[in-house]
Amino acid sequence: MSKAHTLALFNDFEAAGRALQELKVSNLPGFRMDDVLIKSPIEHPELSEMLGSRPVYVQLYTLAGAVLGSTIGFTLIASAQGNFLQQIRGGRPIVPIPPDMVLTYELFILIGVLMTVVGCFIAWKLPGNRSPLYNTRISEDKIGILVKADPLVIPKVNGIFERHQPLEIMGEQGR
Amino acid sequence: MIQSTDEKDIEIERRFVPKAKDINDEIAWAQINKDVLRSMERPRLMYWVIFLASLALFGFGVYCEIYQYQNGLGVADLENPQVWGLYIATFIFWIGMSHSGTLLSAILHIMHADWRKPIYRFAEAMTTFSLMTAGLFVLVHLGRVWEFYYVVAYPNERWAWPNFNSPLVWDATAIGTYLTSSIVFLYFGMIPDLAICRDNAKGVRKKFYWLLSLGWQGTDRQWANFRVAYLTVACFLIPLAVSVHSIVATDFAVSQQPGWHITSFPPYFVAGALYSGCAAIITLFIVLRYVFRFEEYMTMPILDKTCRLTFAIAMVWTYLNLVEYASVWYGDDPVAKQTLLFRATGDYAAYWWAMNFLGSVVPFALAFKSLRNNIPVMLVVSLLLNLGMWLERFMIVTPTFAHGFYPWTWTDHWMPSWVQWGIVAGSFGWFSMLFMLFCKIFPTVSMYEVKEMVYHRFVARKARA
């Protein structure tokens, strides 16, 4: 069944919090808290907590990047030094561990950083994922609550919003 | 009620941690956007004066570089034993400048030092452009610049023998990593602000910010991932910054040159880097505050804190400097001791004493509140500190080459030619030009973090009431 979207703009976090609280206990059919998004000019963890657990997986990308970076770093350098098998090195080690650790360390950080940021972009589902309703006042000073629900439920959701003095309610037929 | 701070904590903080008001915490969020965006549109006339002067300086530097490229390094008076001259001294100076961006944005971020929020963005930009400038000197000082890739740890199938054990190869890798990570950190932390620019821009600028803001809408999922990723990158950057300057120090310390073969060089270089970077932050703070009318965001209490931080780092640097002198003086290396004496009494003695005076005595001006609150005095002091730190790098490179192991190699009176001075001046023009362009195109005050700062203080004030 296709879903519809509605976005309510609030003046402050308190009003948005009260609206979220009421949505949470409303038990409306065809509506889930998982389909609610808060849009705000700054992060507000307490408000986000009301939406339930939304785990962040960026650290896994960081870990993968760090492991990958160290491995690639050491392997690339050691394989480049592998040429020294055919060149006379005066008795010195073909793959000297202490100096190679420096370069490995740098690549560990470089790929760790890059993978962290890439992981974040993947978590944002960029560049394709743009939620359909947005108001430029959100980047200024307003708090938005975006709800995706069955079209039949949307008027009830809007009713809840209206009880908490929203500045504006925007609607659009979604997928 | 949605309350982000525990009332008990606030009560304890109110009683035991009295705070100066860093910024006006009653300023409206919309006003923050308006002020910062307006500053990008209409800076003071001084902006164009600085920009054009930088451009002229950069142009002169380019002329000198072309002249040197066409005629060889001889025109720069670079020959044995003076093979590095001002180029490597200035290279270290610019690498050092880059460290304070990491200090302000990463270390203070992890320590939740709120006051960094209005000023860390330009410090990060300073980091990026300093590294880009430092990278140029690696190329400039090469006799055959087209073979620059010999310093990179590239695969060895050409049998070109890059020396993986050489700190110069580590250096290139570390600086490359630091530059890439700094650009990523700067850009990534700016995404919410780029969305603000997108929402307020028109025409081509809107398209530009739209592309860069990557569809940021400030959703809770975006914020949660952004916070974790930003903190993680900050954690990576701190050891990276330390490693970069330690490796630069290793370029010197692993050599046998008298005066360089000192164990304390890496921490000494890191402290010097933080020191010169903090002094540069004070200079740029004062310039940006005036040019972009940021009086309400780059406030005197924040300048005061930056100055106190600089003073503390200056004392660390002074201590490590004394450690270096003492370890040479009491050590069992007569040649190193002679080099130290030569620095203090030889042809470069004036520079050595100037360095010690500017680096260790002038910072005591930062210990006095009345001076810290005087903007013209702080501008002069910060410039003097930077001059002192540049002299420090000059003193590391030039007198050591001038007074090595063998008396027949001594070049006690050596001074750089005008070509070297021109390229060094050009590097300052290049840095200032890039920095000023950045400030015109991107928000130099982090709008979303200033909003957070204002909001948290509002919540704290409300809880107190």
Side-chain angles (χ1 to χ4, degrees), chain A residues 13-14 16-17 37-48 50-51 54 56-59 62 76-77 79-84 86-87 92 96 99-100 102-103 105-107 109-110 112-114 116-117 119-121 123-124 126-131 134 136-141 144 146, chain B residues 1-4 28-30 32-33 153-157 159 161-162 164-167 169-170 173-174 176-178 180-181 184-185 188 192 195-196 198-200 214-230 232-233 236-237 239-240 243 247 447-449 451-452 455:
Chain A
F13 284 113
E14 273 86 9
L37 273 182
I38 300 166
K39 298 186 176 189
S40 56
I42 63 168
E43 189 191 22
H44 198 291
E46 289 78 9
L47 207 60
S48 304
M50 297 173 77
L51 302 176
R54 288 185 172 175
V56 173
Y57 296 111
V58 172
Q59 303 96 316
T62 308
L76 271 182
I77 295 156
S79 59
Q81 288 162 333
N83 280 319
F84 292 134
Q86 297 166 38
Q87 293 171 309
R92 284 176 289 163
D100 283 9
V102 177
L103 298 169
Y105 180 72
E106 298 302 329
L107 279 162
I109 290 184
L110 178 64
V113 165
L114 293 177
T116 303
V117 174
C120 190
F121 291 162
W124 291 349
L126 287 175
N129 183 47
R130 309 274 157 82
S131 61
Y134 181 69
T136 54
R137 284 197 285 174
I138 289 168
S139 69
E140 199 168 74
D141 57 354
L146 179 80
Chain B
M1 184 186 155
I2 311 300
Q3 194 174 304
S4 66
W29 285 359
I32 296 169
N33 283 11
Y154 67 99
N156 199 17
E157 75 280 354
W159 285 29
W161 294 73
F164 296 98
N165 298 358
S166 162
V169 174
W170 307 346
T173 315
T177 301
Y178 194 30
T180 313
S181 305
V184 167
F185 193 49
F188 188 67
I196 297 174
R198 173 201 65 199
D199 291 347
N200 291 277
L214 298 174
W216 176 270
Q217 295 193 347
T219 67
D220 54 285
R221 286 177 209 268
Q222 285 178 331
W223 277 119
N225 284 289
F226 174 79
R227 282 294 171 211
V228 173
Y230 191 73
T232 310
V233 177
F236 270 122
L237 270 186
L240 176 60
S243 82
I247 290 172
M447 292 178 270
Y448 71 96
E449 294 213 60
K451 285 176 190 173
E452 278 178 359
Y455 177 70

| message | Apply side chain to side chain contact (heavy atoms under 4.5 Å, CB included) to residues A:V113 and B:F185 and explain how you reach the verdict. | response | CA-CA 9 Å; A:V113 165; B:F185 193 49; over 6 Å; no
| task | Any chance you could lay out the side chain to side chain contact (heavy atoms under 4.5 Å, CB included) test for B:T177 and A:L107, step after step, and finish with the verdict? | result | CA-CA 7 Å; B:T177 301; A:L107 279 162; 5.8 Å; no
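In this structure, a donor-acceptor pair under 3.5 Å is present between the side chains of B:S243 and A:E106.
Top candidate by heavy-atom pairs under 4.5 Å with chain A, chosen from B:M447, B:K451, B:Q217, B:R227, is B:Q217. Most heavy-atom pairs under 4.5 Å with chain B, from the set A:T136, A:D100, A:T62: that is A:T136.
In this structure, chain B has a heavy atom under 4.5 Å from the side chain of A:L114, while its backbone stays farther away. Using a 4.5 Å cut-off between heavy atoms, B:Y230 does not touch chain A at all. Only the side chain of A:I138 comes within less than 4.5 Å of a heavy atom of chain B; its backbone N, CA, C and O stay farther away. For a residue to count as touching a neighbouring chain, one of its non-hydrogen atoms must lie under 4.5 Å from one of that chain's; by this rule B:P239 touches chain A with backbone and side chain alike.
Among all heavy-atom pairs drawn from A:V117 and B:V233, the shortest one is CG2-CG2, 4.1 Å. Shown here for A:H44 and B:Y455, the closest heavy-atom pair between the two residues is NE2-OH, 2.9 Å. The two residues B:D199 and A:S139 make their nearest non-hydrogen contact at OD2-OG, 2.7 Å. Looking at every heavy atom in both residues, A:E43 comes nearest to B:E452 through N-OE2, 3.9 Å. Between A:P41 and B:W29, the shortest heavy-atom contact is CG-CZ3, 3.4 Å.
Distance CG/A:L51 to OG1/B:T219: 10.5 Å, rounded to 0.5 Å. Here the straight-line distance linking atom OH of A:Y105 with atom CG of B:L240 works out to 7.0 Å at 0.5 Å rounding. Between the CG atom in A:D141 and the CG atom in B:N33 there is a gap of 7.5 Å [rounded to 0.5 Å].
Every residue meeting the side-chain contact (heavy atoms from CB on, under 4.5 Å) condition with B:A229, not counting sequence neighbours, appears here in chain and number order: A:V58, A:T116, A:C120, B:F188. With sequence neighbours left out, A:V102 forms a side-chain contact (heavy atoms from CB on, under 4.5 Å) with B:W170, B:I247.
Side-chain atoms of A:S48 and B:W223, non-hydrogen and from C-beta on, never get closer than 4.5 Å to each other.
Classified by interplanar angle (parallel below 30°, tilted 30° to 60°, perpendicular above 60°), the ring pair B:F226/A:W124 is parallel.
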